[in-house]
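Have a look at the structure below before the remarks.
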Amino acid sequence: MRKPVILITGASGEIGHGLIENLAASEGTSIVTIDLQPLPREHRDLVDREYLGSILEIHLLERILAEFEVTTIYHLAALLSTRAEFTPVAGHQVNVEGTLKLLDFAQSQGESHGRPVVFLYPSSIAAYGLPDLETKNTSGPLSEHEWNQPTTMYGCNKLYCEHLGKYYADHYKQLAAETLSGKVDFRSIRFPGLISAFTVPSGGTSDYAPEMIHAAAQGEHYACFVRPDTRIPFMAMPDAVDALLRLAHTDRSRLTRSVYNIAAFNPSAGEIAELVRRGFPKAQIGFEPDLKRQAIVDSWPADVDDSAARRDWGFDPRYDLETAFSDYLIPHISDRY
Ligand code: SER
């Protein structure tokens with residue numbers, strides 16, 4: 001008998017950090033991870049098996065398939081939006097080919113043990129692409145289907161993989177004599193920018209918010225690469241992890257879609273700087289917009305409509321802007337440095 005496990009790809013990254021601790025806290029959960037980077041020492045004992053390597057190495061997935069019965073996959077591995085602009089082909093390989101391999105792996109797992117594999121896929125506000133600032137400032141909170149015209153490689157990858165996941169779930173090999181779809185139970189969240197008190201992201205374009213806070217806590221000057229009036233949705237990391245877990249545990253019959261927006265607060269970069277200065281009065285923050293990264297953030301929505309997530313699976317973030325700073329970010333980040 002193969003052992004039932006939860007598989008996490010990109011487990012050493014920012015979301016993985018919070019997810020492993022949460023999953024490990026629930027009794028009887030066995031976790032297998034894949035990442036190029038080793039897990040932090042405090043997480044190694046929380047997982048059953050840590051595979052060091054790339055999701056593109058098919059033999060790694062074959063070894064997992066041979067040994068474990070994967071019930072749920074959190075596919076977190078990705079090259080973020082700034083990094084993927086420097087190496088678009090590598091971005092496509094990791095973000096699209098990697099996801100295709102994982103979906104196919106989930107299909108094989110589902111076929112071999114006969115139950116659908118729940119596949120959690122973090123998508124992003126980068127799946128949107130607004131044509132200009134006027135449209136961004138006047139269009140109000142965007143629904144999932146609006147302005148799906150991404151301008152970045154990462155955004156194109158995320159939007160396409162949302163469709164790929166739905167294809168595996170609903171239409172996989174639709175011309176075959178027997179029905180083969182339904183083995184992958186695909187569920188995706190379009191995350192806003194995420195801010196963690198414990199880790200700093202690398203290679204994203206929403207990174208100015210976390211970078212500003214972590215720099216202030218360390219007494220370092222920070223040159224923010226977007227204008228003070230730049231506005232996109234953000235969320236505190238614990239709410240992002242809770243959202244993934246909540247969506248994973250919701251009965252499939254309650255889900256009316258496969259991709260859900262979620263949002264918590266949407267401060268401008270200037271408002272974030274004010275809150276950082278309140279928490280760290282010695283913070284030195286300047287604004288030196290990088291016009292190219294600015295254009296990427298300007299193409300992302302100022303706000304998203306997350307009513308479907310609230311209705312279908314009870315999404316309800318714990319932290320608003322004030323409490324994210326006062327109860328989560330400032331105290332934990334101060335402790336850390
Ligand atoms: N935070 C991501 C990025 O900046 C967007 O999902 O690339």
Side-chain angles (χ1 to χ4, degrees), residues 9-10 13-19 74-88 90-92 94-96 98-99 120-130 136 142 144 147-162 165 188-214 224-227 230-241 243-244 259-269 272 289-290 292-304 306 309 317 324 329:
T9 71
E14 279 215 289
I15 301 178
H17 193 272
L19 184 65
Y74 292 87
H75 174 38
L76 311 179
L79 283 196
L80 295 184
S81 58
T82 289
R83 184 153 305 156
E85 285 315 301
F86 288 104
T87 53
H92 190 280
V94 173
N95 297 343
V96 175
T99 301
L120 274 297
Y121 181 65
S123 185
S124 161
I125 48 167
Y128 292 104
L130 290 145
K136 167 166 171 155
L142 295 191
E144 285 84 353
W147 292 110
N148 289 174
Q149 286 153 40
T151 65
T152 60
M153 177 52 108
Y154 172 78
C156 294
N157 298 161
K158 287 290 178 187
L159 184 60
Y160 171 61
C161 287
E162 291 175 1
S188 178
I189 292 177
R190 279 198 193 148
F191 280 112
L194 301 179
I195 313 178
S196 166
F198 303 102
T199 53
V200 197
S202 61
T205 320
S206 60
D207 293 5
Y208 59 89
E211 283 174 1
M212 196 186 288
I213 305 167
H214 284 261
C224 180
F225 59 80
V226 294
R227 293 184 315 267
T230 306
R231 194 180 291 282
I232 57 169
F234 281 99
M235 178 176 289
M237 188 60 83
D239 281 327
V241 170
L244 273 176
V259 178
Y260 288 91
N261 280 339
I262 61 171
F265 41 84
N266 63 337
S268 68
I272 297 172
D290 168 335
K292 292 182 172 166
R293 290 180 96 187
Q294 177 76 56
I296 291 178
V297 186
D298 284 346
S299 77
W300 293 350
D303 201 3
V304 294
D306 62 3
L329 294 168

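All figures in this text were calculated on a predicted structure; none of them were measured in a lab. Remember, it's 1-based here, ligands and their atoms both numbered in the order they're listed.
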Could you go through ligand 1 and note, for every N or O atom, any protein N or O atom closer than 3.5 angstrom, writing the atom names and distance to 0.1 Å, or 'none'?
| residue | atom | partner | partner atom | Å |
| --- | --- | --- | --- | --- |
| ligand 1 | 1 (N) | Ser206 | OG | 2.9 |
| ligand 1 | 4 (O) | Ser81 | OG | 3.4 |
| ligand 1 | 4 (O) | Thr205 | N | 2.6 |
| ligand 1 | 4 (O) | Ser206 | N | 3.0 |
| ligand 1 | 4 (O) | Ser206 | OG | 3.3 |
| ligand 1 | 6 (O) | Ser124 | OG | 2.6 |
| ligand 1 | 6 (O) | Tyr154 | OH | 3.2 |
| ligand 1 | 7 (O) | Ser81 | N | 3.0 |
| ligand 1 | 7 (O) | Ser81 | OG | 2.5 |

Pairs meeting criterion salt bridge (Lys or Arg N to Asp or Glu O under 4.0 Å) with involvement of residues 188-200, two or more places apart: Glu162-Arg190
Listed partners of Arg231 passing side chain to side chain donor-acceptor pair (under 3.5 Å), at least two apart: Glu271
Partner set under ring-ring contact (aromatic ring centres under 6.0 Å, His included) for Tyr160, not counting sequence neighbours: none
Mutual orientation of the aromatic rings belonging to Phe234 and Tyr208 [parallel < 30°, tilted 30-60°, perpendicular > 60°]: perpendicular
Taking every non-hydrogen atom, the tightest pair across Ala78 and Val94: CA-CG1, 4.0 Å
Separation between OG1 of Thr230 and CH2 of Trp300, rounded to the nearest 0.5 Å: 11.5 Å
